[in-house]
Amino acid sequence: MQNAQILFPVNVPGAFDYAVPIGMELSVGDFVYAPIGKQMKLGVVIGLGTAEVGRELKAIAERKATRPLSPDMVKFVLWTAKYNVASPGQVLRMVIRSYKALDPSPIVNHYLPTGETLRQLTSSRRAVLREGGPFPARASEIASRAGVSAGVVKGLVKIGAMQELAMPVDAPFPVPDPEHPGMALTQGQEDAAKELAAQVKMGGFSVSLLDGVTGSGKTEVYFEAVAEALRQGGQVLVLVPEIALTQAGLERFAKRFGAEPAAWHSAIGDAPRRRVWREVAQGRAKLVVGARSALYLPFADLKLIVVDEEHDTSYKQEEGVIYNARDMSVVRAKLSGHAVVLASATPSLESLHNARSGRFAHIVLPERPGAAVLPEIGLVDLKETPAEKGDFLSAPLIDAIREGLSRGEQSMLYLNRRGYAPLIICRSCGEKLKSPDTDSWLVEHRASGRAMCHLTGFSMRMPTQCPKCKADDSLTAVGPGVERVAEEAARHFPEAKIEIFSSDTAGNPAAIKDRMDRMARGEIDILVGTQMVVKGHNFLNLTFVGVVDGDLALAGGDPRAGERTYQTLVQVAGRAGRAKKAGHALIQTHQPEHEALLALAAGDRELFIGVELAMREMLGLPPFGKLAAIIIWGPDRAKTEALAKKMVSLAPRTDGVEILGPSEPPVGRLRGQYRRRLFIQAESTVNLSRYMAVWRQKIRPPAKYKVQIDIDPQSFM
DNA sequence: AGCACGCCGACT
DNA sequence: GTCGGCGTGCTC
């Protein structure tokens, strides 16, 4: 009697055993329907066997006639679950985002002009014939293009001017052409491109770290690896940070490969989602550009994954199944035996360490083609040259902007804080305005006249009196946000065109592009922005970047703070004078002696990496040791604390594992829940996932209390 | 993820 | 006195 292990895309601890009916042929990866409880559910075969289970099993009802998941994909799902201490069903849920996508694309009528020349047509009919084609389209689509009703299209079929074709709703994606001429490469880029392409050509698992400063042509170089994989008839996945998934980004691919790639992100609509999923599963979508979740698409024949901006924190999924798409990409490539390219101007320390130790091939692109060099970076010691009282821009920053303006050049002020002021305080009673169910401060947004919580999205009209002591006009803005910095800049430079760029003001992708275009055309003199400005724009006339608060990311207990600061500042500084002139950057700081800032000012990346790696090694932090976190959530402060302490007391005793905490995270309350956090630091020889799984099983949190495990935590907020 | 079982407020 | 609210538990 044959049985099968079926994994359902639901949050249960593991797979269930079923009997395989006589005559049913099954393989690992097959989709099947099987009875579970009172319902019939779709699942995936993850194992087959003949061993007696010792109890009566229900039988599989039906094998679904659809392309099975590849056995590699099944392994990848299970591996993801095990490593991240999640249930495999929950991971499968990420793969099967839509059940309908498993069925073939529905067939509907499409319409195309026959080319028949007819006289005496109404204007509506002429419009339809003009707008129809060159490809067959749905009647409604042609009708809306022509500004008429769909009936007109069908009417034209009757008189033979249009033909009706039964076609799948999902149009196939255009096939990218690897031989489509791309941009000319410099010798250095050519060499790097050849090396990457050779890795792909050779086949088998490999990881390459493509390391090149802003403007070194990284994208063009990895395009050659993409081309090689396409030449072999395989599929390619390019992961990009969520924010980089713009029309402009997709157009770069279109330019190189003559066809726009299939795009994937979490907010994609239902119909396009099904289309991409189906075409990917059938192996017909050859080139997919997507955000992190695209890694869980069921590729039929994946040959290459590129992780662009591999250091970007948005690769970490922080909800549901907590995983890091960059790390999981390497796992997926290993399981399927293909190449991965990790690309970045500021690679993560983990990747640099892997490159240094020879686990990754390290391909360093020569600096920018042509004469341009990285901008000069200086530090402004705020202890010596503070800003005017109540202001945030010191004299050196203001002077630099003035100089730029006098030469007709652009400046950028960088501050990673949205809104007007990060804190609203009452001058008469000292009350700090907080979000109702959080400990986080409300941020004043003067442009919209509101007080907002950036964590929960809570927002209210900016009060005119203190909610506690009822004093009128006593609420004061404390600290700078981009709006306030822009206001200050406007005071200094009343004639300058100043714009704010943050997620509040950005708007939709089109509005973002518009603003970036205006910046590129020189229509903005001073751009004040949060980290949103940091992503890959080329501003020819930008020659100065002022970092308003270089200390921002240095504070707090985040062991990655130094790295983050360095990455951000390098990228921000890289905006300055990217093409023609060597621009300059100034960083305001209270800690000019901080190693990260000194290395930055010296323009010495190797020094920075060396210092930082040495510090990590000394502290046993990644990449030299392992790190995990446990977040305990609950509605009652004391009980949450008690549960956290109980977790600590239940921790399995093992050598090489140290438990830190419980501590209160920076935001102790979130969404009305109290939170406590533990950090688990382990030596590299410890199987930390298994340790965490064993530990997790020892406790059953009471109702409404949650224990969340985060392997390799990135966020310390 | 569903679906059922189970213990507390507004209805014929 | 019931109908039903959704909170918790189980599914091979």
Side-chain angles (χ1 to χ4, degrees), chain A residues 1-64 66 68-69 73-74 77-78 80-82 84-103 266 268 270 273-274 277 293 296-298 317 319-323 437 632-636 639-640 642-643 646 671-674 693 696-709:
Chain A
M1 178 69 168
Q2 207 192 20
N3 53 45
Q5 288 168 278
I6 308 297
L7 187 61
F8 294 98
V10 297
N11 190 9
V12 292
F16 290 166
D17 294 314
Y18 284 86
V20 180
I22 313 245
M24 187 184 280
E25 286 285 320
L26 282 184
S27 316
V28 168
D30 279 337
F31 287 94
V32 293
Y33 287 104
I36 173 164
K38 303 229 158 163
Q39 16 162 8
M40 191 63 77
K41 250 188 129 26
L42 182 78
V44 172
V45 178
I46 64 160
L48 291 159
T50 48
E52 279 301 320
V53 183
R55 64 168 187 266
E56 195 72 15
L57 294 180
K58 289 190 184 176
I60 293 169
E62 184 194 336
R63 180 181 164 278
K64 189 170 174 67
T66 190
L69 287 185
M73 191 67 198
V74 173
V77 166
L78 300 178
T80 299
K82 200 164 223 164
N84 295 293
V85 199
S87 79
Q90 230 183 330
V91 180
L92 185 62
R93 189 77 250 244
M94 305 197 301
V95 176
I96 308 168
R97 295 278 297 268
S98 152
Y99 289 96
K100 269 197 202 157
L102 286 161
D103 296 318
S266 56
I268 191 173
D270 285 348
R273 159 174 287 146
R274 287 193 294 267
W277 203 95
S293 58
Y296 290 87
L297 282 169
Q317 167 89 34
E319 265 170 35
V321 180
I322 298 174
Y323 67 94
D437 50 4
I632 295 113
W633 301 66
D636 180 272
K639 283 180 186 152
T640 306
L643 181 58
K646 194 169 172 209
R671 275 166 250 163
Q673 301 267 301
Y674 289 88
R696 177 71 184 75
Q697 277 210 312
K698 289 170 120 182
I699 197 150
R700 220 188 136 80
K704 296 186 173 166
Y705 287 78
K706 208 165 86 178
V707 171
Q708 196 179 26
I709 292 171

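Order of the sequence lines sets the chain letters (A, B, ...), proteins ahead of strands, with each chain counted from 1. These numbers come from a predicted model, not from an experiment.
- Atom-to-atom, CG of A:Asn11 to C1' of C:dT8 comes out at 14 Å; the value is rounded to the nearest Å.
- Applying the side chain to side chain donor-acceptor pair (under 3.5 Å) definition to pairs two or more places apart or across chains, those involving residues 85-97 of chain A are A:Asn11-A:Ser87.
- Under the rule for a side chain to side chain contact (heavy atoms under 4.5 Å, CB included), the partners of A:Val12 that lie at least two apart in sequence or sit in another chain are A:Val10, A:Phe16.
- Within residues 25-46 of chain A, the residues having any heavy atom under 4.0 Å from DNA chain C are, by residue number, A:Pro35, A:Ile36, A:Gly37.
- Summarising the geometry, the separation between CZ on A:Arg700 and P on C:dT8 is reported as 11 Å, rounded to the nearest angstrom.
- Within the structure, the side chain to side chain donor-acceptor pair (under 3.5 Å) test picks out the following pairs touching residues 13-35 of chain A (sequence neighbours left out): A:Asp30-A:Arg63, A:Tyr33-A:Lys64.
- For A:Val10, taking side-chain heavy atoms from C-beta onward, the closest of the listed nucleotides C:dT8, B:dA1, C:dC12 is B:dA1.
- Smallest separation of non-hydrogen atoms from A:Ala34 and A:Phe8: CB-CZ, 4.0 Å.
- As a whole-Å value, the separation of A:Tyr18 OH from C:dC12 C1' is 5 Å.
- A straight line from NZ of A:Lys704 to P of C:dC6 spans 14 Å, rounded to a whole angstrom.
- Looking at residues 86-102 of chain A, you'll see that no heavy atom sits under 4.0 Å from any atom of DNA chain C.
- Within the 4.5 Å cutoff, side-chain heavy atoms of A:Val95 are placed close to those of A:Leu69.
- Applying the side chain to side chain contact (heavy atoms under 4.5 Å, CB included) rule to A:Lys704 yields the partners A:Pro635; only residues at least two apart in sequence or on another chain are considered.
- To the nearest 0.5 Å, the span separating OH on A:Tyr705 from CD1 on A:Ile632 amounts to 12.0 Å.
- Heavy-atom minimum distance, A:Ala86 versus A:Val321: CB-CG1, 3.9 Å.
- The separation between A:Ile60 atom CD1 and C:dT11 atom P is 19 Å, rounded to whole Å.
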